[in-house]
Protein chains: 2
Amino acid sequence: MERFCALDEEQAELFRSILGRVGDKWSMMLIGMLQQGPYRFTELKRMTRGISSRMLTFTLRQLERDGLVTRTVYAEIPPRVEYAATELGSTLVGPVMAVAEWASQHQREIVRFREAYDAAQDDAGDTPRVR
Amino acid sequence: MERFCALDEEQAELFRSILGRVGDKWSMMLIGMLQQGPYRFTELKRMTRGISSRMLTFTLRQLERDGLVTRTVYAEIPPRVEYAATELGSTLVGPVMAVAEWASQHQREIVRFREAYDAAQDDAGDTPRVR
DNA sequence: CCGCATCCTCGAGGATACTG
DNA sequence: CAGTATCCTCGAGGATGCGG
C-alpha cells in the first residue's frame with residue numbers, strides 16, 4: 001500500500017507464480033533448447049546435463065500443461081516421443097533472454113560488488129579475530 | 001552439444017545463477033518497491049506482506065552484496081536504516097518487468113491451457129475410475 | 001526407449017525469542 | 001527500531017528400480 005503501486009499484491013503474486021513456473025532449475029533451459037526444434041526425451045536428457053528422468057518428465061509435463069510445449073507420441077517400437085516448443089512457448093523466450101542478457105552484461109560488475117562487499121566484511125571481522 | 005548453441009552449458013549456468021538470485025521469493029518484489037524511493041526496514045517489512053525479519057534481512061543483504069541495493073545507517077536513537085535501489089538495481093527492473101508483462105498478457109491463455117490439459121487428464125482417468 | 005513409483009536428503013525459509 | 005540466533009518444517013529434487 002502507501003505509494004507502492006508499481007507492484008501491488010496481486011501483481012506480485014502473479015509475477016511470482018510465473019517466475020516460479022519459469023525460473024525453476026530446468027524450465028527455461030528446456031524451452032531454450034526446444035527453440036532449436038523438436039527433440040526426443042533421451043536427447044533432452046543428454047543435452048540437459050545433470051537432470052534426472054524424474055525431473056525431466058515432471059518439468060516437461062508442467063510445460064505441456066501450460067501450453068508451452070507439445071508432446072507427440074509415435075506408436076513405434078521402440079517407442080518414440082518428441083517434444084517441441086509451441087508458439088506461446090516461443091514468445092516467452094524473448095523476455096527471458098532479456099534477463100539472461102542483463103545477467104551476462106552485468107556479471108562482472110556484480111562479481112566486483114561481491115568481492116568488495118566480502119572484503120569489507122572481512123575487514124570488519126579483523127578486530128574481533130581472536131576466537 | 002549438437003545443434004543446441006543458443007544456451008550453452010556456461011550460459012545456462014550464468015543464467016540460472018541470476019534467476020536464482022532474482023527469481024527467489026522476495027528479491028524482485030523488494031527491488032520493485034525500492035524503485036519508489038528509499039525505505040526503512042520496518043516499512044519494507046510491512047509492505048512486503050508475509051516476509052519474516054530473518055528473510056527480509058537476508059534478502060536485503062544479498063541484494064546489497066550484489067550492488068543492487070544500498071544500506072544506510074543513521075546513528076540516531078532509535079536507530080534508522082534506509083535501503084535504496086542502486087543504478088544497477090534499477091536497470092534490472094526493466095528486463096524483469098518484461099517477464100512480468102508476458103505473464104500478465106498470457107495468464108488467461110495459460111489458465112485455459114491448464115484447464116484443457118486437466119480436463120483431458122480427467123477423461124483419461126474416466127475408465128479406471130472405480131477405486 | 002520412455003517414464004512412473006518409491007525412498008531419502010538437504011536446504012529454503014517460517015516461528016519464536018532475545019539484544020543493542 | 002533493526003536486527004541476530006535457534007529451532008523446526010516442508011517440499012524440491014536426486015537415486016534407484018521396475019514396467020510397458
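The figures that follow rest on heavy atoms only: side chains count, while hydrogens, waters and symmetry mates do not. Throughout, protein chains are lettered first and strands after them, A, B, ... in sequence-line order, and every chain is numbered starting at 1.
Nearest nucleotide to the side chain of B/P79, out of D/dA15, D/dG3, D/dC1: D/dC1. Taking the side chain of A/V81 as heavy atoms from C-beta on, and the options C/dG3, C/dG13, D/dG14, the nearest nucleotide is C/dG3. Among the nucleotides C/dG3, D/dG3, D/dG14, the one closest to any side-chain atom of A/T57 is C/dG3. Of the candidates D/dG13, C/dC1, C/dG13, the closest approach to any side-chain atom of A/P78 belongs to C/dC1. For B/R54, taking side-chain heavy atoms from C-beta onward, the closest of the listed nucleotides D/dA2, C/dC4, C/dG13 is C/dG13. Here C/dG14 is the nucleotide among D/dG13, D/dG3, C/dG14 with the atom lying nearest to any side-chain atom of B/M55. Comparing atom distances between the A/K25 side chain and each of D/dG13, C/dC4, D/dT6 picks out D/dG13 as nearest.
Going from atom OG1 of A/T72 over to atom CZ of A/R40 covers 12.5 Å, rounded to the nearest 0.5 Å. Atom CG of residue B/L34 and atom CG of residue B/L63 lie 8.0 Å apart, to the nearest 0.5 angstrom.
Summarising the geometry, the separation between CZ on B/R80 and P on D/dG3 is reported as 13 Å, rounded to the nearest angstrom. Atom pair A/F41:CZ and C/dC1:C1' shows a separation of 9 Å (rounding to whole Å applied). In this structure, B/I51 places its CD1 atom 14 Å from C1' of C/dA15, rounding to the nearest Å. Between the OH atom of B/Y39 and the C1' atom of D/dA2 there is a distance of 18 Å, rounded to whole Å. Across the protein-nucleic acid pair, A/W26 atom CH2 and D/dA12 atom C1' stand 12 Å apart, rounded to whole Å. Protein atom CD1 of B/I77 is 14 Å distant from nucleotide atom C1' of C/dT19, rounded to whole Å. In this structure, CD of A/E76 is placed 13 Å from P of C/dC1, rounded to the nearest angstrom. Counting to the nearest Å, the P atom of C/dA12 and the CZ atom of B/F58 are 7 Å from each other.
Map B/T42 and A/S52 each onto its nearest nucleotide of DNA chain D; the residue landing nearer the 5' end is B/T42. Positionally, the nearest nucleotide of DNA chain C for A/R71 lies more toward the 5' end than for the other of A/R71 and B/S53.
One side chain, A/T91 or B/W102, offers a donor N or O that lies under 3.5 Å from an acceptor on the other.
Note on B/K45: nothing from the nucleic acid sits closer than 4.0 angstrom, heavy atoms only. Using a 4.0 Å heavy-atom criterion, one finds that B/R40 contacts the sugar-phosphate atoms exclusively. A/Y74 comes within 4.0 angstrom of no nucleic acid atom, judged by non-hydrogen atoms across all strands.
In plain terms, the two heavy atoms of B/V81 and B/Y83 that are nearest each other are CG1-CE1, 3.7 Å.
B/Y117 and A/L92 sit in two unconnected hydrophobic clusters of ILVMFWY residues. Membership requires side-chain heavy atoms under 4.5 Å apart, directly or through other members.
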